[in-house]
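Reading through the structure tokens given below for one structure.
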Amino acid sequence: MDIARITAGLKKGDRASIARCMTLAEDDPAAFSKIAKKLYDPKRMPRVIGITGPPGCGKSTLISQLAPRLAAGGHRLGIIAIDATSPFTGGAFLGNRIRMEETVKAGKIFMRSIATRGAKGGLTESVMSSIMALSCAGYDMVVVESVGAGQADVDILNISSTVLLVLAPGLGDEIQAMKAGSMEIADIFVVNKSELPGADVAKNAILSYLYTLQGHSSKKVTMTSCTKKEGIDLLASLVFDHEKGVDPAEFAERAFRMEVDRIAKELASKRIESVAAGSGAEIGRMLKKGMDPYTAANALLKRSMG
């Protein structure tokens with residue numbers, strides 16, 4: 001790919017250049033780093049609305065209705081939807097792209113589906129790079145939909161200025177939901193599919209959990225129905241209200257620290273693998289000397305860092 005052309009296109013907000021840049025972030029991080037060096041500006045870190053929740057709660061449909069409201073608030077909006085990668089084929093369905101297609105066509109919203117490629121935590125390794133690409137292209141707000149496959153998928157907290165946890169009635173025992181790690185990171189709780197029986201019970205269970213945990217709660221709990229198109233405007237207002245209380249510098253530093261940590265570990269891992277791959281003979285000598293595995297591993301680590 002022509003990096004100079006992509007960089008120039010990003011400055012103009014060209015959608016094709018954004019897509020190519022995100023592809024580089026996924027497939028060729030070294031090439032992407034050349035773009036980041038030229039365009040990265042911490043002062044332009046966009047606000048990130050992280051949306052998580054269990055499968056079947058209606059995250060994608062909710063985003064398709066919420067996104068135009070957020071964009072109507074004067075923001076240039078991007079959407080990054082994370083889809084799970086099949087452990088058997090290595091592919092991903094990327095169904096979010098289909099569910100949000102009309103929303104993207106109707107407004108000036110950029111949307112990208114990205115497969116996890118085996119990454120843990122509900123996100124993908126390139127998510128911050130993709131956010132950076134949107135930032136370089138002038139997008140000041142990004143919605144990130146995590147896979148939301150389990151209780152421990154809480155990495156969304158580290159990259160988000162506002163976290164929405166979407167739940168729905170009838171998904172299971174509310175008491176079990178209270179144990180989920182994601183309950184602790186949410187800023188706004190959304191009981192989606194509120195037209196279904198049990199929506200009020202789910203809302204009350206969340207409120208009870210919050211008050212039991214803290215004695216009081218400043219966190220918001222609201223209900224939405226995408227079928228009836230109810231509660232979406234209120235949810236958008238709650239997002240904007242929460243964003244007013246977020247310190248941009250603090251949020252940018254937190255997201256920057258996470259990305260630096262990820263990249264440093266990735267670079268260190270590659271160096272260690274390179275040293276280990278060429279140390280077959282030395283491993284044999286270490287074994288003959290009676291060296292324990294921890295001492296041997298530390299020796300290889302020092303060499304890789306040297």
Side-chain angles (χ1 to χ4, degrees), residues 13 41-53 57-82 96 100 102-104 106-112 127-128 130-132 134-135 137-146 148 156-168 182-194 203 206-207 210 214 216-226 228-255:
D41 182 355
K43 296 179 180 178
R44 296 178 63 182
M45 175 68 183
R47 297 303 181 95
V48 180
I49 313 304
I51 299 183
T52 188
C57 66
K59 295 189 296 295
S60 298
T61 304
L62 180 61
I63 292 172
S64 71
Q65 295 190 18
L66 177 63
R69 271 82 166 180
L70 297 178
H75 294 281
R76 195 171 182 200
L77 185 72
I79 301 172
I80 300 173
I82 313 297
N96 296 321
M100 298 183 197
E102 292 303 317
T103 295
V104 174
K108 297 180 180 179
I109 298 172
F110 182 92
M111 189 265 177
R112 174 88 169 201
V127 65
M128 277 303 302
S130 296
I131 292 172
M132 192 186 305
L134 288 168
S135 172
Y139 287 78
D140 67 326
M141 181 174 281
V142 180
V143 172
V144 176
E145 177 190 357
S146 80
I156 193 75
L157 169 67
N158 296 320
I159 67 163
S160 303
S161 48
T162 299
V163 178
L164 276 60
L165 173 60
V166 183
L167 299 168
S182 53
M183 293 290 292
E184 300 172 16
I185 68 169
D187 300 302
I188 301 172
F189 295 82
V190 184
V191 179
N192 195 29
K193 303 184 181 182
S194 62
K203 180 180 179 180
I206 295 170
L207 289 169
L210 292 174
Q214 302 174 346
H216 65 86
S217 180
S218 60
K219 296 186 177 184
K220 303 299 181 181
V221 183
T222 191
M223 299 204 299
T224 56
S225 171
C226 295
K228 295 184 176 182
K229 293 181 169 56
E230 294 177 349
I232 312 298
D233 289 330
L234 174 58
L235 178 57
S237 297
L238 291 175
V239 171
F240 287 135
D241 286 345
H242 184 270
E243 282 295 314
K244 292 177 183 177
V246 174
D247 182 345
E250 181 181 333
F251 164 60
E253 182 178 336
R254 171 158 48 88

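Side chains included, hydrogens not; waters and symmetry mates left out as well; all remaining heavy atoms used. This is a predicted model, so every value here is computed, not measured.
Here the straight-line distance linking atom OG of Ser146 with atom CD1 of Ile80 works out to 12.5 Å at 0.5 Å rounding. We find the NZ-OG1 distance between Lys229 and Thr224 to be 12.5 Å, quoted to the nearest 0.5 Å. From Ile156, atom CD1 reaches atom CD of Glu145 across 9.0 Å, with rounding to the nearest 0.5 Å. One distance of note links CD1 of Ile63 with CD1 of Ile109; it measures 11.0 Å at 0.5 Å rounding. For the atom pair Cys57 SG and Ile51 CD1, the distance stands at 9.5 Å (nearest 0.5 Å). Annotation: the span from Met128 atom CE to Met45 atom CE amounts to 4.0 Å, rounded to 0.5 Å.
Annotation for Glu230: atom CD counts as buried by contact number, over 12 foreign heavy atoms lying within 6.0 Å.
The two atoms that bring Ala67 and Leu77 nearest to each other are O-CD2, 3.3 Å, heavy atoms only. Closest approach of Pro46 and Met141 over heavy atoms only: CB-N, 3.9 Å. Across all non-hydrogen atoms, the minimal contact from Leu134 to Gly78 is CD1-CA, 4.2 Å. Closest approach of Ser161 and His242 over heavy atoms only: O-CE1, 3.3 Å. When all heavy atoms of Lys193 and Ala168 are compared, the pair lying nearest together is CD-CB, 4.2 Å. Between Val144 and Val48 the shortest heavy-atom distance is CG2-CG1, 3.8 Å.
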For Leu66 and Val143, run side-chain contact (heavy atoms from CB on, under 4.5 Å): C-alpha distance rounded to whole Å, both residues' side-chain angles, the deciding distance at 0.1 Å, then the answer.
CA-CA 10 Å; Leu66 177 63; Val143 172; 5.9 Å; no
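A donor-acceptor contact shorter than 3.5 Å is absent between the side chain of Lys219 and the backbone of Phe189. Remark: side-chain polar atoms of Ser160 are not paired, donor with acceptor, to backbone N or O of Val163 under 3.5 angstrom. Counting only distance, with no hydrogens or angles, the side chain of Arg69 and the backbone of Ile232 share no donor-acceptor pair below 3.5 Å. A donor-acceptor pair is defined here as one N or O able to donate and one able to accept, closer than 3.5 Å; such a pair exists between the side chain of Arg76 and the backbone of Ala137.
Ile49 is listed as a side-chain neighbour of Glu243, based on a closest heavy-atom distance under 4.5 Å. Residues Val221 and Lys203 are in side-chain contact: their nearest non-hydrogen atoms beyond the backbone lie under 4.5 Å apart. Using a 4.5 Å heavy-atom threshold, the side chains of Pro248 and Lys43 count as separate.
Exactly one of Leu165, Leu167, Thr222 qualifies for a side chain to side chain contact (heavy atoms under 4.5 Å, CB included) with Val190. That residue is Thr222.
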